[in-house]
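Just so you know, these numbers come straight off a predicted model, no measurement behind them. Starting from 1, each residue takes its place in the sequence as its number.
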Amino acid sequence: MAETNFQFSFHPNKNYLKAALFFFLCWISSVGPLRSLLNDEGAITPFVLGVLPSFFAGVALVLWMIYATRCSRWKAFGYALGLLILAEIAQLFMDNQTADIYDALAGIPGALLGVGLSKWIASTKKNI
């Protein structure tokens with residue numbers, strides 16, 4: 001059996017990690033507690049509530065991949081979109097889930113925000 005020496009190559013700028021964790025928490029909360037709160041208030045339309053998790057997932061995935069693997073921001077963008085599309089395809093085969101093209105499409109502006117934030121983080125010299 002061939003040995004693989006895959007290792008994470010964490011980025012020295014911890015701001016990528018901090019931002020990825022922030023948007024990961026936004027992602028998780030938009031699936032549960034935030035969705036309930038905003039739905040009760042009537043502040044956001046049901047459509048936006050439905051696609052919000054995919055938007056936050058796009059941001060979080062781009063920032064995490066840049067931090068964890070030091071890949072380029074556009075490569076991270078492609079990987080994030082690929083993962084979000086695969087997640088929607090997997091939902092086609094799950095009885096309790098609904099695949100939605102709008103979820104996959106919501107990941108695009110989220111991942112673009114992740115690219116923009118990564119440019120901003122790269123321009124800051126110190127950890128925030």
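- Between Y16 and H11, the ring center distance clears the sub-6.0 Å criterion.
- Between F55 and V51, the closest side-chain pair of non-hydrogen atoms is not below 4.5 Å.
- Counting only distance, with no hydrogens or angles, the side chain of S29 and the backbone of C26 share a donor-acceptor pair below 3.5 Å.
- Between M65 and L83 there is a side-chain heavy-atom pair separated by less than 4.5 Å.
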Begin from the C-alpha positions of F23 and L63 and carry the test side-chain contact (heavy atoms from CB on, under 4.5 Å) through to its verdict.
-> CA-CA 9 Å; F23 283 101; L63 294 171; 4.1 Å; yes
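- Classification of the W27-F24 ring pair by plane angle, with boundaries at 30° and 60°, yields perpendicular.
- The same ILVMFWY cluster, assembled from side-chain heavy atoms under 4.5 Å apart, contains both W74 and I66.
- Clustering ILVMFWY residues whenever any of their side-chain heavy atoms sit less than 4.5 angstrom apart, transitively, puts Y102 in the very cluster that holds L52.
- Checking side-chain atoms of R70 against main-chain N and O of F10 turns up a donor-acceptor pair under 3.5 Å.
- Between L84 and D103 there is no side-chain heavy-atom pair separated by less than 4.5 Å.
- A side-chain donor-acceptor contact under 3.5 Å links E88 to the backbone of D100.
- Proximity of L17 to W64: side-chain heavy atoms (C-beta onward) are separated by under 4.5 Å at one or more points.
- No more than 12 heavy atoms of other residues, nucleotides or ligands sit less than 6.0 Å from atom CG of D95.
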